[in-house]
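These notes concern the structure reproduced below.
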Amino acid sequence: MCGIVGAVAQRNIVSVLVEGLRRLEYRGYDSCGVAVIADGEPKRARSVARVADLADQVRDTHLEGATGIAHTRWATHGAPVTDNAHPIFSRNELALVHNGIIENYETLRTMLRGKGYEFVSQTDTEVIAHLIHSMYRGDLFQTVRDAVKELHGAYAIAVIHKNQPHTVVGARQGSPLVVGVGDGENFLASDALALAGSTDRFAFLDEGDVVEITLDGVKIVDRDGMPAEREVRVVAAYGGAVELGPYRHFMQKEIFEQPRAITDTIPQTDRFAAELFGADAAEVFADIDSVLILACGTSSYAGMTAKYWLESVAKIPTQVEIASEYRYRESVPNPRALVVVISQSGETADTLAALKHAQGLGHKHTLAVCNVASSAMVRLTKLAFLTHAGTEIGVASTKAFTTQLVGMFVLAVTLGALRGHVSEKQETDYLTQLRHLPAALNSVLALEPQIIAWSEEFSRKENALFLGRGLHYPIALEGALKLKEISYIHAEAYPAGELKHGPLALVTEAMPVVTVAPNDALLEKLKSNMQEVRARGGELYVFADSDTRIVSEDGIHVIRMPEHYGLLSPILHVVPLQLLAYHTACARGTDVDKPRNLAKSVTVE
Ligand code: F6R
């Protein structure tokens with residue numbers, strides 16, 4: 001999704017701004033641009049190609065300046081053409097970049113046209129630029145504070161004006177914005193990662209904040225216009241995140257980082273204590289009678305897997321809802337439910353809106369399972385469990401998913417223990433199993449060469465079916481999602497028992513059927529489902545636990561999983577599916593880390 005970088009310095013800042021955009025590239029974008037104040041006016045370069053092309057342009061045109069803003073745009077209003085790329089100008093005096101969507105832009109455009117403003121883009125952003133320009137009387141900070149009151153919708157903006165060549169003003173509402181604090185220079189960005197090369201000191205802005213950065217200062221006012229202090233935190237962890245190391249793609253790097261990410265996420269305690277979820281958790285957990293999980297995409301599959309754990313281990317009724325559905329439907333709120341939002345970014349617009357919707361309905365018990373401590377979701381919920389996946393750059397989620405599963409398993413056991421369904425001995429056993437997971441994952445990662453051999457075959461297919469049962473049905477869904485989003489092969493997942501209720505009609509010799517086959521209570525049923533596929537000529541590709549006695553034969557290809565892992569098996573079984581999608585995409589030559597049409601951190605609805 002869109003990204004913002006801004007800076008005020010006493011040196012040419014263009015390369016810092018462009019490097020910031022490079023660091024945000026992973027989020028997905030279709031155009032980019034940079035503007036600085038030079039010779040008393042804003043000057044810009046924009047590109048509908050990659051940030052590397054923008055870097056060439058600024059070098060060739062000698063674009064230089066000490067105050068500037070930059071942007072990667074993921075098109076919503078208006079096609080990805082140069083005229084719609086940010087920074088957007090107003091009368092060659094002001095330049096502005098914007099993340100989010102302005103809902104009342106048509107009304108504002110009509111009003112501004114009435115004042116003689118000409119619109120040259122199809123963006124909703126241009127109304128903000130002209131609005132601020134029309135209200136400007138010499139103080140950009142005050143003008144932006146007044147102007148944002150007219151905006152309905154979500155935004156993070158950064159703006160510069162020719163009359164204040166050492167000032168950048170920013171504002172946020174519904175989209176993230178952080179201040180980077182430097183020495184004699186200051187920065188703004190939509191993600192601290194963008195500024196990792198320039199500073200490690202960050203102040204995370206609150207909803208409704210407006211900020212002015214100058215050479216030697218940062219001024220913030222809150223949504224009520226009152227001066228506000230935001231804690232400056234040192235965050236040094238971003239350094240290595242954008243380095244690829246020996247890997248071909250970030251997705252591959254992140255798949256292989258899973259043993260480390262899981263080690264970092266497993267709590268360093270010998271009991272599953274409520275406090276792992278926050279100081280108020282014991283009180284909240286004592287009052288709840290059910291769980292309502294809200295999430296999108298891959299994170300919703302972590303929720304679906306967790307439903308099995310919560311109901312079998314903690315015996316607590318659990319409902320999982322796609323956030324974009326829940327937020328708009330009429331539901332019957334149960335104030336004693338624990339509302340759990342699961343999100344890598346903590347900023348996904350639909351999940352955030354679903355959380356606010358739940359709170360609006362009277363849900364007061366809220367928990368975020370999230371990878372970003374400073375995110376909107378963590379700030380809005382009463383309780384939080386932080387996953388420690390580290391920055392995930394590849395658009396397709398991998399290590400975020402497996403660490404979410406760890407977080408949700410810890411929740412299930414914690415609630416199970418509190419509700420008297422998990423004995424102390426079982427707690428110790430679960431902890432031992434969790435602690436052994438990284439080693440088990442390493443053995444699964446060692447299957448990569450066998451999976452590469454399968455991926456050659458897969459890369460020539462146009463469709464694939466994924467089957468799983470019980471706990472592993474959401475893993476089949478995740479495997480299908482991974483394959484379709486990065487290889488563009490059409491893939492569907494079904495609980496294997498559903499096959500004969502419709503999808504079996506699709507099974508021919510041309511249809512590969514990927515099957516997740518753990519040795520659990522449903523194994524024999526799954527084997528019957530596999531026979532149904534074979535009888536129709538379908539080719540089976542089975543990830544089978546070593547003790548399942550499923551063997552390779554005509555039309556059945558088997559990769560043996562190294563260990564049978566009981567309740568935690570989904571965390572192991574998803575990894576070969578990630579690798580299968582990854583290597584199939586590589587064989588098809590797609591842009592694995594930035595698949596077409598997709599973005600990391602979906603901050604628009
Ligand atoms: C798929 C993927 C997405 C995200 C979804 C939610 O690989 O990454 O489906 O899981 O957009 O994002 P978060 O977890 O940031 O809320």
Side-chain angles (χ1 to χ4, degrees), residues 1 26-28 74 174-176 190-191 193 249-252 254-255 258 261 265 293-306 320-327 340-356 367-378 380-381 384-387 389-408 466 474-475 477-488 491 493 574-575 577-582 584-585 590-605:
M1 290 268 127
Y26 76 95
R27 289 171 161 261
W74 190 80
S175 273
S190 51
D191 183 335
L193 179 72
H249 296 97
F250 284 105
M251 182 175 176
Q252 188 188 27
E254 288 156 7
I255 290 172
Q258 290 179 106
T265 302
I293 299 174
L294 305 170
C296 299
T298 288
S299 298
S300 75
Y301 300 148
M304 285 172 70
T305 312
V320 187
E321 292 223 30
I322 300 287
S324 55
E325 287 293 313
Y326 172 79
R327 63 182 286 197
V340 183
V341 283
I342 307 179
S343 175
Q344 187 283 123
S345 59
E347 303 287 348
T348 300
D350 281 319
T351 311
L352 198 53
L355 170 62
K356 290 178 184 167
L367 162 69
V369 174
C370 186
N371 199 35
V372 182
S374 56
S375 64
M377 279 180 222
V378 173
L380 270 180
T381 47
F385 182 93
L386 292 178
T387 51
T391 307
E392 195 176 62
I393 304 267
V395 162
S397 185
T398 53
K399 60 178 181 170
F401 178 65
T402 44
T403 53
Q404 287 167 350
L405 289 176
V406 169
M408 292 307 291
F466 284 68
I475 297 308
L477 283 166
E478 173 61 0
L481 178 64
K482 287 290 91 98
L483 188 68
K484 66 186 136 193
E485 69 182 324
I486 59 168
S487 75
Y488 315 147
V574 75
V575 173
L577 302 186
Q578 296 168 344
L579 284 169
L580 181 64
Y582 170 71
T584 304
T590 59
D591 191 350
V592 173
D593 285 332
K594 300 185 212 78
R596 69 182 177 209
N597 308 338
L598 299 181
K600 191 86 186 157
S601 191
V602 186
T603 48
V604 295
E605 187 176 345

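Only a predicted model underlies this, so the values are computations on that prediction, with no experimental measurement involved. One-based numbering, in listed order, for ligands and for the atoms of each.
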Problem set entry | Modelled atom types, side-chain donor and acceptor of Ser299 and Gln344, under 3.5 Å | no
Exercise. Would Gln578 and Thr398 count as having a side-chain donor-acceptor pair, cut-off 3.5 Å?
Worked result: no
Exercise. What are the two closest non-hydrogen atoms of Tyr301 and Phe401, and how far apart are they?
Worked result: C-CE1, 3.8 Å
Problem set entry | side-chain hydrogen bond (donor to acceptor under 3.5 Å, both in side chains) assessment of Glu392 paired with Ser397 | CA-CA 7 Å; Glu392 195 176 62; Ser397 185; 3.2 Å; yes
For this session: Answer yes or no: is there a donor N or O on one side and an acceptor on the other, between the side chain of Ser300 and the main chain of Gly297, under 3.5 Å?
Result: yes
Show the short N or O contacts, below 3.5 Å, that ligand 1 makes with protein N or O atoms; if there are none, say 'none'.
| from | atom 1 | to | atom 2 | distance (Å) |
| --- | --- | --- | --- | --- |
| ligand 1 | 7 (O) | Thr298 | OG1 | 3.4 |
| ligand 1 | 7 (O) | Ser397 | N | 2.9 |
| ligand 1 | 7 (O) | Lys482 | NZ | 2.9 |
| ligand 1 | 7 (O) | Glu485 | OE1 | 3.3 |
| ligand 1 | 7 (O) | Glu485 | OE2 | 2.5 |
| ligand 1 | 8 (O) | Val395 | O | 3.3 |
| ligand 1 | 8 (O) | Ser397 | N | 3.4 |
| ligand 1 | 9 (O) | Thr298 | N | 3.1 |
| ligand 1 | 10 (O) | Thr298 | N | 3.2 |
| ligand 1 | 12 (O) | Thr348 | OG1 | 3.4 |
| ligand 1 | 14 (O) | Ser299 | OG | 2.6 |
| ligand 1 | 14 (O) | Gln344 | N | 2.7 |
| ligand 1 | 15 (O) | Ser343 | OG | 3.4 |
| ligand 1 | 15 (O) | Gln344 | N | 3.4 |
| ligand 1 | 15 (O) | Ser345 | N | 2.9 |
| ligand 1 | 15 (O) | Ser345 | OG | 2.7 |
| ligand 1 | 15 (O) | Thr348 | OG1 | 3.2 |
| ligand 1 | 16 (O) | Ser343 | OG | 2.6 |
| ligand 1 | 16 (O) | Thr348 | OG1 | 2.5 |

Problem set entry | Qualifying residue, where the test is side-chain hydrogen bond (donor to acceptor under 3.5 Å, both in side chains) with Thr298 and the options are Gln404, Glu478, Glu485 | Glu478
